[in-house]
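The structure under discussion appears below in the form of structure tokens.
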Amino acid sequence: ILCVSPLTLSVYLIHENNAIRDLLWTVWLHPFTYLNDGFKLSIALVVDTILIFTICCIIDKIRVILFDFIAKCNLIKKSERYLEKLNKSI
């Protein structure tokens, strides 16, 4: 729960984005084709929900890792500049 809970807002934001929502329900997933069969519809909705949640969590986790990497790179650059200044002063 502690690992997934920070990602839930991004899951909502990703799959409710207007461009993504249209692609999601009309191009990639088609749960409305099962409206006549309740069993297939319920299975499709459960599977689609799990897929959407998992994929959006993976997307946000990649974003977090990327931003952490960028932040660490800036720290490294700042420390390099500090060491260069320190070297020049010695």
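Quantities reported herein were computed from a predicted structural model and do not represent experimental measurements.
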**Prompt:** So if you build clusters from Ile, Leu, Val, Met, Phe, Trp, Tyr with side-chain heavy-atom gaps below 4.5 Å, do I43 and L41 land together?
**Reply:** no

**Prompt:** Any chance CG of D22 has more than 12 other-residue heavy atoms, nucleotides or ligands included, within less than 6.0 Å?
**Reply:** yes

Hey, can you pull the donor-acceptor pairs under 3.5 Å for the side chains in residues 44-57, sequence neighbours left out?
residue, atom, partner, partner atom, Å
T49, OG1, L45, O, 2.6
T54, OG1, I50, O, 2.7

Just list the side-chain donor-acceptor pairs under 3.5 Å for residues 3-14, sequence neighbours left out, or say none.
residue, atom, partner, partner atom, Å
S5, OG, I1, O, 3.0
T8, OG1, S5, O, 2.9
S10, OG, L7, O, 2.6
S10, OG, D60, OD2, 3.1

Acceptor/donor pairs from residues 81-90 side chains to any protein atom, 3.5 angstrom cut, sequence neighbours excluded:
residue, atom, partner, partner atom, Å
S89, OG, K85, O, 3.4
S89, OG, L86, O, 2.8

**Asked** What are the two closest non-hydrogen atoms of H15 and I20, and how far apart are they?
**Response** CA-CG2, 4.3 Å

**Asked** Can you tell me how far CD1 of I62 sits from CG of L66, rounded to the nearest 0.5 angstrom?
**Response** 9.0 Å

**Message:** Is there a path of hydrophobic side-chain contacts, each under 4.5 Å between heavy atoms, that joins L29 and L23?
**Reply:** yes

**Message:** Would a single hydrophobic cluster contain both F67 and F69, if residues Ile, Leu, Val, Met, Phe, Trp and Tyr are joined by side-chain heavy-atom contacts under 4.5 Å?
**Reply:** no

**Prompt:** Do R21 side-chain atoms and E16 backbone N/O form a donor-acceptor pair below 3.5 Å?
**Reply:** yes

